[in-house]
Amino acid sequence: MLDIRLIREHADQVKARLSARGGDSHLQIDSILECDRDRRAAETQLQTLQSERKRMSKEIGARKSKGEDTAAVEAEVRGLGEQITKLNEESAALDERQRELLLHLPNLPHEGCPIGADAAANPEVRVWGERPAFGFSPKSHVELGEALGMFDFERAAKISGSAFVVFTGAGARLERALLNFLLDLHTREHGYTEVSPPVVVRPETLIGTSQLPKFEEQLYRCERDDLYLTPTAEVPVTNLHREEILPLEQLPICYAAYTPCFRREAGSAGLGTRGLIRMHQFDKVELVKITTPEAASAELEILTSHAERVLQILGLHYRTIELCTGDIGFSSTRTYDIEVWAPGQNGYLEVSSCSHFGDFQARRMNLRFKDAEGKNRFCHTLNGSGTALPRLMVALLETYQQADGTVLLPEVLRPYFGSERIQ
RNA sequence: GGUGAGGUGGCUGAGUGGUCGAAAGCAGCGCUUUGCUAAAGCGCCAUACUCCAAAAGGGUAUCGAGGGUUCAAAUCCCUCCCUCACCGCCA
């Protein structure tokens, strides 16, 4: 959520930055300003009347204690009360409307965010390793994995529908090995604190990280209890400190969390494609940071390097791109995507998206810290996948496949998996 | 799921209709005094919104949340959320 004062005082700048996103969100600014003006006018009027009522009520109290008759004044104040009720409704409605408008407005892109219309304009920031060469035609993970008995899409469809998977045998074991490897790496070497949060959350939690109100149709909802399945651990983990004022010396807070993630993928292209690339439920290890505005930009670089490190250790070729203004997500000011090479797809797959949200989420969840001067200020939040599991598995299987259809695992995974080869 | 007890400022904790935004204590900040690693005294010490060009200074709201009663609500009524205890059920 943007600061209404920023919008009020620098409307043109806000509009300009929003238009860099390419949508029509900047067109909302004028109606927000109008609502803000009406709201403040109503509030000022309301407060004047309240002040009057308060004064007169005190007077009634004072006169009653002296035994005087106050019937006439009481009648007068009663009339005031009616006006106050009406104005209060008006003012509350305007307040609610303003909040609604602000909740639907995306974040401003960071000054450093490259300008561009869409994904085609995303600059490549780094490339690591190179595409592996094969003396044969590399197979897709679907072909490899099904032959090795690692997953079963048909039975998953039987029990849950399309775009679900059952990991079986070596597949289930590899999933578990990867999770343990990722959590160990981030907690032991990168200093994150491991958390294991609920994956069913209340609507306010989703408003905090901004999946609601705008992206409701992408979420699974348990209607009876008004709870939602989390689309990413970002949601429960970032909200852990909602409505708190954190001491400066506690920052940055760094959490690593493994959770399953649930996405309806309504209207997604490519949902019909076979394989592990886009599913309704998948596992992910997420990295979350809560920090100060001053430290946040540097933390984004660190966070991204931690996600990249996963691929480096696994020996997987990848590239890092930065999303341009036309491609960054709703709540992000700046985002790096890490794309791993998948030989069987003959293309790159996004396995991590690392974003800096500024105080956009912190405002929504009223997450603050006490600065060196003792002032309460909004935190900055960041997160990145570290990494998504199924796509990492795709890249692993396809990169390390052998001519005989077996998969020779990278060194670091062998103790976790319990052998060096999937066969 | 049932019954009961609760939810007050950074913390502890008073307050059951009227100068209560809220006693007192602790912690914190400032000043003073005395001085062997500290004590005493005094003062300050919530948040949000809003008015004013700004500062200074006002105003309003906030005692878990939302409604209601009343001239007036931390205080009375209703609904919800949460915590604790016991019972029931249960991986």
Side-chain angles (χ1 to χ4, degrees), chain A residues 1-11 32-103 196-208 212 222-228 236 239-251 260 359-379:
Chain A
M1 184 155 66
L2 296 184
D3 185 358
I4 184 62
R5 264 174 247 178
L6 178 75
I7 297 176
R8 203 186 290 154
E9 286 159 28
H10 303 284
I32 290 174
L33 284 172
E34 191 189 326
C35 183
D36 179 52
R37 264 193 304 274
D38 294 348
R39 188 197 103 243
R40 285 187 295 151
E43 251 170 56
T44 303
Q45 206 185 337
L46 171 67
Q47 290 179 2
T48 311
L49 292 180
Q50 281 173 326
S51 166
E52 186 65 8
R53 175 174 70 179
K54 198 172 181 179
R55 214 202 74 236
M56 290 172 82
S57 286
K58 277 188 180 173
E59 199 184 308
I60 291 172
R63 285 171 59 180
K64 273 200 165 167
S65 66
K66 282 189 259 171
E68 292 175 24
D69 175 58
T70 54
V73 199
E74 278 181 36
E76 194 181 332
V77 182
R78 197 174 300 132
L80 259 185
E82 279 156 23
Q83 286 183 63
I84 286 173
T85 305
K86 211 174 129 242
L87 257 175
N88 195 16
E89 275 164 18
E90 215 172 283
S91 150
L94 284 165
D95 196 66
E96 182 51 33
R97 180 175 142 73
Q98 178 171 315
R99 183 179 149 76
E100 226 14 69
L101 286 167
L102 285 175
L103 284 178
S196 179
V199 295
V200 180
V201 299
R202 311 180 129 145
E204 307 90 272
T205 308
L206 287 148
I207 289 172
L212 285 180
C222 311
E223 198 158 350
R224 181 195 292 267
D225 298 297
D226 201 20
L227 293 168
Y228 294 82
N239 275 280
L240 242 26
H241 296 285
R242 63 179 295 126
E243 278 153 56
E244 289 184 23
I245 300 173
L246 302 166
L248 184 59
E249 55 278 11
Q250 238 178 63
L251 305 178
D359 63 8
F360 191 78
Q361 296 182 325
R363 259 175 213 289
R364 289 174 164 240
M365 60 178 93
N366 201 18
L367 165 60
R368 293 170 295 174
F369 71 103
K370 204 168 269 298
D371 72 10
E373 279 79 52
K375 285 198 65 171
N376 297 336
R377 293 165 62 201
F378 288 110
C379 296

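Only a predicted model underlies this, so the values are computations on that prediction, with no experimental measurement involved. Chain naming here is simple, since letters A, B, ... match the order of the sequence lines and numbering starts at 1 in each.
Nearest-nucleotide positions on RNA chain B for A/Asp36 and A/Arg368 put A/Arg368 closer to the 5' end. Along RNA chain B, the nucleotide closest to A/Arg8 and the one closest to A/Arg53 are compared, and the more 5′ of them pairs with A/Arg8.
Base pairing of B/A48: its partner is B/U60, meeting the Watson-Crick or G-U wobble criterion (both donor-acceptor distances under 3.5 Å). Shown here, B/G4 forms a base pair with B/C84; the pair counts as Watson-Crick or G-U wobble because both key distances fall under 3.5 Å. Remark: B/A91 base-pairs with no nucleotide; criterion is Watson-Crick or G-U wobble with both hydrogen-bond distances under 3.5 Å. Pairing for B/G10 goes to B/C26, judged as Watson-Crick or G-U wobble with the two contacts each under 3.5 Å. A 3.5 Å limit on both hydrogen-bonding distances identifies B/U79 as the Watson-Crick or G-U partner of B/A65. Nucleotide B/U32 forms a pair with B/A40, judged by Watson-Crick or G-U wobble geometry with both contacts under 3.5 Å. Under the Watson-Crick and G-U wobble criteria, each requiring two contacts below 3.5 Å, nucleotide B/G21 is left unpaired.
Annotation: B/U34 and B/A39 have their C1' atoms spaced 9 Å apart (nearest Å). If you take atom C1' in B/U16 and the same atom in B/U50, they sit 33 Å apart, rounded to whole Å. Between B/G28 and B/A14, the distance separating the two P atoms is 23 Å to the nearest Å. Rounded to the nearest Å, the gap between the C1' atom of B/A22 and that of B/A40 is 28 Å. For the P atoms, the distance from B/A61 to B/G66 is 14 Å, rounded to whole Å. Only the P atoms considered, B/G15 is 29 Å distant from B/G68, to the nearest whole Å. The gap from the C1' atom of B/C89 to that of B/A27 amounts to 45 Å, rounded to the nearest Å. Taking the P atom of each, B/G13 and B/G64 are spaced 15 Å apart, rounded to whole Å.
Of all nucleotides in RNA chain B having an atom under 4.0 Å from a heavy atom of chain A, the first and last in 5' to 3' order are B/G18 to B/C82.
Closest approach of A/Arg8 and A/Arg39 over heavy atoms only: NH2-NH1, 4.4 Å. Pairing each heavy atom of A/Leu80 with each of A/Glu52, the nearest pair is CD1-CG, 3.7 Å. Heavy-atom minimum distance, A/Ile245 versus A/Lys370: CG2-N, 4.0 Å. Scanning both residues, A/Arg364 and A/Leu212, for their nearest heavy atoms gives NH1-O, 3.2 Å.
Residue A/Arg39 is classed as a sugar-phosphate contact, given heavy-atom separations below 4.0 Å to backbone atoms only. Nucleic acid contact class of A/Lys64 (heavy atoms, under 4.0 Å, all strands): base. Among the atoms of the strands shown, only primed sugar atoms or phosphate atoms (P, OP1, OP2) are found under 4.0 Å from some heavy atom of A/Arg5.
Counting non-hydrogen atoms of other residues, nucleotides and ligands closer than 6.0 Å to CD of A/Glu223 gives a total of 12 or fewer. For A/Arg99, the CZ atom counts as loosely surrounded, since its 6.0 Å shell holds 12 or fewer non-hydrogen atoms of other residues, nucleotides or ligands.
Salt-bridge annotation for A/Glu74 and A/Arg63: absent, with no side-chain N of the basic residue lying under 4.0 Å from a carboxylate O of the acidic one.
Side chains of A/Val200 and A/Asp225 form no contact here, defined as non-hydrogen atoms less than 4.5 Å apart.
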